[in-house]
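Note: hydrogens, waters and symmetry copies are ignored here, and every other heavy atom, side chains too, is used.
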Amino acid sequence: MEIVFFDMETTVPARSNGVEKRFWVLEFGAILVCSRKLVEVDSFATLIRPGDLSAVPVSSPRCEGITADAVAGAPCFEEVADRIFSILNGRVWAGHNIQRFDSVRIREAFADIGRPAPEPLGMIDSLDILNRKFGRRAGDLKMATLAAYFGLGRQKHRSLDDVRMNLEVIKHCATVLLLESSLPELVLACRGSGFSSIVTRSKTNGTQSNEDTTRKSLSSSSSSSSNCPRAVPYAKPKLRKMKTRGRSSLVICQ
């Protein structure tokens, strides 16, 4: 099964004479993702010329490169509707705030050209899921905030870049939640102690001990207090024999 992550960049409607203007789609971007491996298998993106070019700002500091000049020569939505329909229809839709924004804009765009909108097999809204499962540890749950929290760079507000960032954010959040569910005691201990030490359980005697996590090897005090002798590859007599043989070999080679 493939999941389609998609995102739409639109105009920001403003009120005129007390009437709020409509949204115009300026860009559509989507990636097809294998649900078993969470890897991208296909992608599609296009700028879209809106029905009202005056609604597009001459320059847009929010959306990199989406300007009135950029979309003036782009296809209108009707020209790319077939491609968008084939990507979305009958697949699981995924996106950030997709239920309240992107899916609504898609249906409006298809209604404008008098065609039935694509229907999802299911919907994954990462905003709702992360709000319930991940919480607000990263901040306000905006995509830009989550990306900064995980060190994924700055959000560009371009459709294809944003959906790829969305997928990476989900992977990072899922990894954190998996670790927390698998090692709840360890995670809580690390949070409480500032990651200074961890509690481990000995496999041999079932006792608990604190280990310094700043070292990769045991400290000298730990080695001296241990009852186990240090292991060596050969007993001493054998080592002497090997040294003697080695010297003899050197003499023969010379």
Side-chain angles (χ1 to χ4, degrees), residues 2-14 21-34 38-50 52-77 79-80 83-84 87-88 91 93-106 108-109 123-131 134 136-176:
E2 293 174 338
I3 302 171
V4 54
F5 282 76
F6 75 96
D7 179 72
M8 303 175 75
E9 299 299 332
T10 69
T11 58
V12 180
K21 293 184 178 181
R22 57 160 295 165
F23 286 93
W24 288 101
V25 178
L26 302 178
E27 187 179 44
F28 173 89
I31 59 173
L32 290 180
V33 174
C34 171
L38 289 184
V39 294
E40 180 180 331
V41 296
D42 199 4
S43 65
F44 172 74
T46 180
L47 289 171
I48 295 172
R49 185 176 72 251
D52 181 8
L53 275 173
S54 66
V56 187
V58 176
S59 63
S60 176
R62 178 177 177 272
C63 302
E64 295 183 6
I66 302 182
T67 62
D69 288 340
V71 298
C76 65
F77 186 82
E79 294 176 84
V80 295
R83 183 81 168 96
I84 293 174
I87 291 171
L88 297 179
R91 285 193 170 102
W93 295 2
H96 204 63
N97 199 27
I98 192 175
Q99 287 183 319
R100 286 177 288 273
F101 186 80
D102 301 273
S103 62
V104 176
R105 303 286 87 81
I106 275 291
E108 288 176 350
M123 199 173 296
I124 301 170
D125 193 322
S126 57
L127 177 60
D128 289 342
I129 292 174
L130 296 183
N131 188 38
F134 192 73
R136 293 182 175 267
R137 69 187 81 183
D140 55 17
L141 289 180
K142 291 181 179 179
M143 184 54 58
T145 306
L146 291 164
Y149 180 77
F150 288 114
L152 297 175
R154 183 175 62 87
Q155 185 183 13
K156 296 181 179 180
H157 291 285
R158 295 299 302 265
S159 294
L160 206 55
D161 291 319
D162 285 2
V163 291
R164 285 173 174 153
M165 179 174 280
N166 191 2
L167 177 59
E168 291 305 311
V169 164
I170 289 176
K171 288 179 180 179
H172 279 70
C173 291
T175 302
V176 171

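Of the charged side-chain nitrogens involved, at least one lies within less than 4.0 Å of a carboxylate oxygen, so that Glu27 and Arg158 count as a salt-bridged pair. A salt bridge links Arg100 with Asp128: at least one charged nitrogen is closer than 4.0 Å to a carboxylate oxygen.
Contact detail for Asp140 and Arg136: the closest heavy-atom pair is O-NH1, 3.5 Å. Of all heavy-atom pairs spanning Asp52 and Trp24, the tightest one is CB-NE1, 3.7 Å. Considering every non-hydrogen atom in both Asp162 and Gln155, the closest pair reads OD2-NE2, 3.2 Å. The shortest non-hydrogen separation linking Pro50 to Val71 is CD-CG2, 4.0 Å. Pairing each heavy atom of Phe6 with each of Leu88, the nearest pair is CD2-CD2, 3.6 Å. Between Leu146 and Leu130, the shortest heavy-atom distance links the atoms CD1-CD1, 3.8 Å.
Relative orientation of the Phe23 and Phe101 rings is perpendicular, given thresholds of 30° and 60° on the angle between their planes. Taking the six-membered ring for Trp and thresholds of 30 and 60 degrees, Phe44 and Phe28 have ring planes inclined between 30 and 60 degrees apart.
The side-chain contact (heavy atoms from CB on, under 4.5 Å) test applied to Ile129 returns Ile124, Arg132, Lys133, not counting sequence neighbours.
At most 12 heavy atoms of other shown residues, nucleotides or ligands fall within 6.0 angstrom of atom NZ in Lys142.
The closest side-chain heavy-atom distance from Tyr149 to Arg137 is below 4.5 Å.
Using modelled atom types, one finds no donor on one side chain facing an acceptor on the other under 3.5 Å when comparing Asp69 with Thr67.
At least one cation-pi condition fails for Arg91 and Trp93: the charged atom is not both under 6.0 angstrom from the six-membered ring centre and inside a 45 degree cone around its axis.
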